[in-house]
**Q** 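Next up is a structure, given as structure tokens.
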Amino acid sequence: MEYHNRIAKIGLFAAFSIILGVFENFFPLPFPGIRLGLANIGILLSLYTLELSDTMIVVLLKSLFVSVFAGNLVIKLLLSFPSTIASALVMYIYIRITGKFTSPVSTSALGSLVHIVCQFGILKIFIIKNLAIYSFLPYFSLISLLTGIFIGYLACIVLKHIKVEND
Amino acid sequence: MRQNSCISFFKLLGSIFLFFIILTGCKSSGYETRSFYSMGTIVEITLPENNTDVFEKLVAKMEELNDKISTETQNINNAPTGKDISISKHFYFLLQRAAYYNNLSSGKFDITIYTISKLYGFPEGPYSVPDNETIKKHVQKAGFENISFTPKTISKKTDLKIDTGAYSKGYIVDLLVDILKKNNINSGIINAGGDLYLLGTKENRQWRIAIKNPDKGKKYLSVVSFTNKAVVTSGNYERYFIDNQKRYTHIFDAETFESVNNYRSVSVIAQTTEEADGLATVFYLMDIDEIGKICSKTNTPVFIYTLDSKKIRMCGWQKYEVSH
Amino acid sequence: MKYPTKTDIVVILILLAVCLFPLFEDKTTGKDKKLLLLIDKNVYELPLKKQTLNLKQQYGVNMIVETDTNRARITKSDCPEQICVRYGWVEECGEISVCVPNKTAIQIKCEEKKEIDGISQ
């Protein structure tokens, strides 16, 4: 891939993620702690069109800037950065193994699940050192599975257009 | 090349993170619990595994201390009036604490009330309500001012009986905790029939202690979590009897010389088990306002379950509560 | 690219099962319970099933214990205070009913999952 094209895509996807991530903060869902995860579209797109290292840059930018704009920087960063990295890594491995048979729909569902599980882990280790929060995990993971599928569909739609332009 | 190093950096980061998850994900209990009967209750001690010798030491020490304190109590109770009876340093400490609680409760808490409560059959039964004549006769003997003590001796002015049971159990637990610390054990629980000391934390989380709901089958009243502190509950639901529809609990007010039934239970968190134990009884005797005043002075969180089943949290109890 | 593919659907179903698994598991925690009979320094495990046990013959204490599928209680005891009989059912993890004069107690223990390390009473 051409160098400039790559840099442009990193910037584009990161900006995409950040804007959606910040935008999302203004529309809280009825359940506390649950968000649609629109910002992950950018990460999904970069996973499918860029190298892993480039994706990590998108992840880094997204985590940092969404946390800065959302306020409460330290906690947001602590929660989102490791989870986003873990979920991006898992999705990357998943695409490498099953990419020929699967679409972003299942990739996103998997990533979303890893993301919520990591967040619970961090919450438990650093913030609420109380085992009881684990009892909510199944409900949260179900919802995140649904949002993950939804985000995966959106990513599919966008990817179709990117692919066409690339050809 | 640059890209490769970048990838390996992230691979490293990822594997560290995954390792972290796996590491914290699998935990083994690694604790051992032993139960035995001592001090008129069942004692449960939980320690990290492979501390058999410490268990033995604790059991022996508990028996020894309990024997010592009850023998001394009996000696004092059986001794004639006016005679100087020598006491150990442990007993001197208990007497000092008795004076402290007596003062704190403006006379309601008094170890000499055993003169009266004994007539009802406490602490071991069988129970019955003594007749008024007998009570009147004994009331004159009771009273903390009727004992005088020095660091080495104690003497009684009247033929009274004392009982330090309200807080000596807690004191023994504290002495056992000292043994644990000396043996470099910094995690464990000593549970002497509901009087608990929590030492350190349980591997990767804090110990969690429930306050029992006297109504069977209902949720715990409260679940608390803390470190290097004790919690003790005094209730009206364990040691009591009912006569003529009146509930006689084992807690007596030294001002009225009567059994009190003020609350369903009073729980106290304090730095030492002895203090939690003593204050739980002191608070049981007081009204809510007085408890509020005292607990802010002693800085001990209190949880009260009232007779009409209301839960009252005071002096920062809620800070230690965890959801359940 | 066609989406979702068949593999997608299979993977999502597997993930769904993973999510739902803990929900079903939670409801069966009753099966992790153990009923212990503590007599002096010995610990025996009693089966959690509907029955009434007289402890006199086997264990030498004059008490009767009634067990159920997930709980147990002491129904008769020769101790003067009757604290253990009055206690009623032991059901929750860690709950214990003690008869001190006979040095006998029944206790519910739960493996690993127990959330409570002790009960103040």
**Q** State, to 0.1 Å, how close B/Arg239 and C/Ile83 come at their nearest heavy-atom pair, and which atoms those are.
**A**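 Residues B/Arg239 and C/Ile83, closest heavy atoms: NE-CD1, 4.0 Å.
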
**Q** Report yes if some heavy atom in the side chain of B/Tyr237 is under 4.5 Å from a heavy atom in the side chain of C/Gln121; otherwise report no.
**A**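 In contact.
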
**Q** Say you draw a straight line from OG of B/Ser35 to NZ of C/Lys103; how long is it, rounded to the nearest 0.5 Å?
**A**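 The NZ atom of C/Lys103 is 13.0 Å from OG of B/Ser35, to the nearest 0.5 Å.
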
**Q** Are B/Tyr220 and C/Ile119 packed together at the side-chain level, in the sense that at least one heavy-atom pair is separated by less than 4.5 angstrom?
**A**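 Counting from C-beta outward, B/Tyr220 and C/Ile119 do come under 4.5 Å.
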
**Q** Distance under 6.0 Å and angle within 45° of the ring axis: does C/Arg86 meet both against B/Tyr240?
**A**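 Because its charged atom sits under 6.0 Å from the ring centre and within 45° of the axis, C/Arg86 does stack over B/Tyr240.
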
**Q** Is the shortest side-chain heavy-atom distance between C/Gln82 and B/Phe241 below 4.5 Å?
**A**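 They are not in side-chain contact.
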
**Q** Does B/Lys246 have more than 12 heavy atoms from other residues, nucleotides or ligands lying within 6.0 Å of its NZ?
**A**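 Above 12, so yes.
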
**Q** Check whether more than 12 heavy atoms from other residues, nucleotides or ligands sit under 6.0 Å from atom CD of C/Glu45, and answer yes or no.
**A**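 Yes, the 6.0 Å shell around CD holds more than 12 heavy atoms from other groups.
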
**Q** Could you pull out the closest heavy-atom pair between C/Asp117 and B/Gln206, with the gap in Å?
**A**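 Minimum heavy-atom separation between C/Asp117 and B/Gln206: OD2-O, 4.2 Å.
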
**Q** Verify the neighbour count for atom CD of C/Gln51: are there more than 12 heavy atoms of other residues, nucleotides or ligands below 6.0 Å?
**A**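 Yes - once you tally the heavy atoms of other residues, nucleotides and ligands closer than 6.0 Å, there are more than 12.
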
**Q** Report which part of C/Gln107 has an atom under 4.5 Å of a heavy atom belonging to chain B: side chain, backbone, both, or neither.
**A**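 For C/Gln107, the contact with chain B is made by the side chain alone.
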
**Q** Measure from the side-chain N and O atoms of B/Asn191 to the backbone N and O of C/Gly118, and report whether any donor-acceptor pair falls under 3.5 Å.
**A**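 Looks like no, no N/O pair under 3.5 Å.
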
**Q** At a heavy-atom separation under 4.5 Å, does B/Val231 approach chain C through its side chain, its backbone, both, or neither?
**A**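 Backbone plus side chain of B/Val231, per the 4.5 Å heavy-atom cut-off to chain C.
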
**Q** Using atom types as modelled and distance alone, determine if a side-chain donor or acceptor of C/Ser120 lies under 3.5 Å from a backbone N or O of B/Gly194.
**A**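 Pair found, side chain donor or acceptor close to backbone of B/Gly194.
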
**Q** Which bit of B/Leu196 is near chain C, if near means a heavy-atom gap under 4.5 Å: side chain, backbone, both or neither?
**A**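 Side chain of B/Leu196 only, per the 4.5 Å heavy-atom cut-off to chain C.
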
**Q** Which region of B/Pro123, side chain (C-beta onward) or backbone (N, CA, C, O), has a non-hydrogen atom less than 4.5 Å from a non-hydrogen atom of chain C, or is it both or neither?
**A**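 Backbone only.
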
**Q** With no hydrogens and no angle check, is any side-chain donor or acceptor of B/Tyr37 less than 3.5 Å from a backbone partner on C/Val100?
**A**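 No, the answer is negative, given that no donor and acceptor are paired below the 3.5 Å cut-off.
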
**Q** Heavy-atom distances under 4.5 Å only: say whether C/Leu36 touches chain B with side chain, backbone, both or neither.
**A**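 Contact with chain B is absent: no heavy atom of C/Leu36 under 4.5 Å.
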
